[in-house]
Participant: 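Got a structure for you, questions after.
Bear in mind that the values here come from a model prediction, so they are computed numbers and not experimental data. For reference, positions follow the sequence shown, starting with 1. For the numbers below, each heavy atom of this structure counts, side chains included, while hydrogens, waters and symmetry mates do not.
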Amino acid sequence: MNKKKIILFVACLAVLLALQIKFLLPWMYDIAASDLFLVDSKDNADPMPISNDMTALAFTHCNSHINSQFDSTETTAAFASQPTNAWSIGNYEYIINATVEIATKDTPSTAYQYVCRIQYENGDDLSGASNIENWSVEGLTGLPDL
């Protein structure tokens with residue numbers, strides 16, 4: 001390769017790096033620090049597992065969602081009476097960790113630990129919290145064939 005091309009390549013690379021450090025990164029930090037990503041809600045995140053009315057409803061609705069995914073003639077599901085852990089991750093979004101025993105016609109009952117991420121969609125208006133239509137399951141893991 002020609003020596004001039006290598007020097008030109010290194011110079012262009014240095015200019016791109018300088019532009020990113022001096023202009024692009026400060027601009028991105030300003031955007032991240034702004035209120036653009038702020039969600040104002042009365043429900044605050046809690047890093048510790050909690051138990052309250054909303055986590056109990058989230059647990060019930062996760063169980064209802066799981067039960068609706070099975071063919072009731074082929075599979076039966078027995079849910080625990082309360083979740084193993086429940087976390088509020090803010091803005092009425094919850095993570096539920098619980099146990100369910102699933103049995104089919106062909107297999108004996110097997111216990112599974114599942115994790116369900118669920119969100120209440122009506123925000124601070126809690127009057128419709130008991131209605132499953134106001135909740136959406138964002139993710140579910142730990143169960144076979146779901």
Participant: Whether the E138 and S136 side chains hold a donor-acceptor pair (N or O, under 3.5 Å, no angle test) is what I'd like checked.
Facilitator: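 Yes, S136 and E138 have a side-chain donor paired with an acceptor closer than 3.5 Å.
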
Participant: Is any side-chain heavy atom of F70 closer than 4.5 Å to a side-chain heavy atom of I102?
Facilitator: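 The answer is yes, as the side chains (C-beta and beyond) meet within the 4.5 Å cut-off.
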
Participant: Kindly indicate whether the side chain of L126, heavy atoms from C-beta on, has any atom under 4.5 Å from the side chain of Y92.
Facilitator: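 Result yes, sub-4.5 Å side-chain heavy-atom pair found.
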
Participant: Search all heavy atoms of P26 against all heavy atoms of I21 and return the closest pair with its distance.
Facilitator: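 Smallest heavy-atom distance, with atoms named: CD-O, 3.4 Å.
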
Participant: Give me the atom names and distance for the closest heavy-atom approach of Y114 to I66.
Facilitator: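 The pair with the smallest heavy-atom distance is CE1-CD1, 3.5 Å.
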
Participant: Report whether W87 and V115 are members of the same hydrophobic cluster (ILVMFWY, side-chain heavy atoms less than 4.5 Å apart, transitive linking).
Facilitator: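 Hydrophobic grouping puts W87 with V115.
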
Participant: Return the CE to OG distance between M54 and S88, rounded to the nearest 0.5 Å.
Facilitator: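 Result: 9.0 Å between the selected atoms.
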
Participant: Check whether more than 12 heavy atoms from other residues, nucleotides or ligands sit under 6.0 Å from atom CG of D53, and answer yes or no.
Facilitator: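 For D53, atom CG is not crowded (no more than 12 foreign heavy atoms under 6.0 Å).
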
Participant: Looking only at heavy atoms, which two atoms of A77 and N67 are closest? And how far apart?
Facilitator: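 Closest pair (atom of A77, atom of N67, distance): CB-OD1, 4.1 Å.
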
Participant: To the nearest 0.5 Å, what is the distance between CD1 (I50) and OG1 (T55)?
Facilitator: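 I50 CD1 to T55 OG1: 5.5 Å, rounded to 0.5 Å.
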
Participant: Please report the interatomic distance OG1(T76) to CD(E74), rounded to the nearest 0.5 Å.
Facilitator: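 Rounded to the nearest 0.5 Å, the OG1-CD separation comes out at 11.0 Å.
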
Participant: I'd like to know if M28 and I31 are part of one continuous hydrophobic network [Ile/Leu/Val/Met/Phe/Trp/Tyr, side-chain heavy atoms within less than 4.5 Å].
Facilitator: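 Yes: a chain of side-chain contacts under 4.5 Å links I31 to M28.
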
Participant: Considering non-hydrogen atoms only, spot the tightest contact between A103 and S109 and give its length.
Facilitator: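 Closest pair (atom of A103, atom of S109, distance): CB-CA, 3.8 Å.
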
Participant: Are Y120 and V137 connected into the same hydrophobic cluster when the rule is that any two of I, L, V, M, F, W, Y join if their side-chain heavy atoms are below 4.5 Å apart?
Facilitator: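 V137 clusters together with Y120.
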
Participant: I need the full list of salt bridge (Lys or Arg N to Asp or Glu O under 4.0 Å) pairs touching residues 54-63, with sequence neighbours left out, sorted by first then second residue.
Facilitator: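 Output for this query is empty, none listed.
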
Participant: Would a 4.5 Å heavy-atom cut-off, applied to side chains only, mark L19 and V15 as touching?
Facilitator: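 Side-chain contact under 4.5 Å: yes.
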
Participant: Measuring from C62:SG to I96:CD1, what's the distance to the nearest 0.5 Å?
Facilitator: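 So the gap between those two atoms works out to 5.5 Å.
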
Participant: What's the spacing between Y112 OH and L143 CG if we round to 0.5 Å?
Facilitator: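 Between atom OH of Y112 and atom CG of L143 there are 8.0 Å.
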
Participant: Do the side chain of N134 and the main chain of N122 share a donor and acceptor less than 3.5 angstrom apart?
Facilitator: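 The answer is no, because no donor-acceptor pair under 3.5 Å joins these two groups.
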
Participant: Parallel, tilted or perpendicular: which one describes the rings of W135 and H61, with boundaries at 30° and 60°?
Facilitator: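 Geometry flag for H61 against W135: tilted rings.
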
Participant: May I have the step-by-step check of side-chain contact (heavy atoms from CB on, under 4.5 Å) for F59 and T84, ending in yes or no?
Facilitator: CA-CA 10 Å; F59 172 63; T84 307; over 6 Å; no

Participant: What heavy-atom pair brings N91 and Q119 nearest, and what distance separates the two atoms?
Facilitator: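 For N91 and Q119, the tightest heavy-atom pair comes out as O-NE2, 3.3 Å.
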
Participant: To the nearest 0.5 Å, what is the distance between OG1 (T141) and CD (Q113)?
Facilitator: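 Here the rounded value is 11.5 Å.
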
Participant: Name all pairs fulfilling the salt bridge (Lys or Arg N to Asp or Glu O under 4.0 Å) condition that reach into residues 109-131, sequence neighbours left out, sorted by first residue then second.
Facilitator: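 For residues 109-131, and leaving out neighbouring residues, the salt bridge (Lys or Arg N to Asp or Glu O under 4.0 Å) pairs sorted by first residue read E93-R117.
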
Participant: Of all the heavy-atom pairs spanning P83 and A98, show the shortest one and how long it is.
Facilitator: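 In terms of heavy atoms, the two residues are closest at CA-CB, 3.9 Å.
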
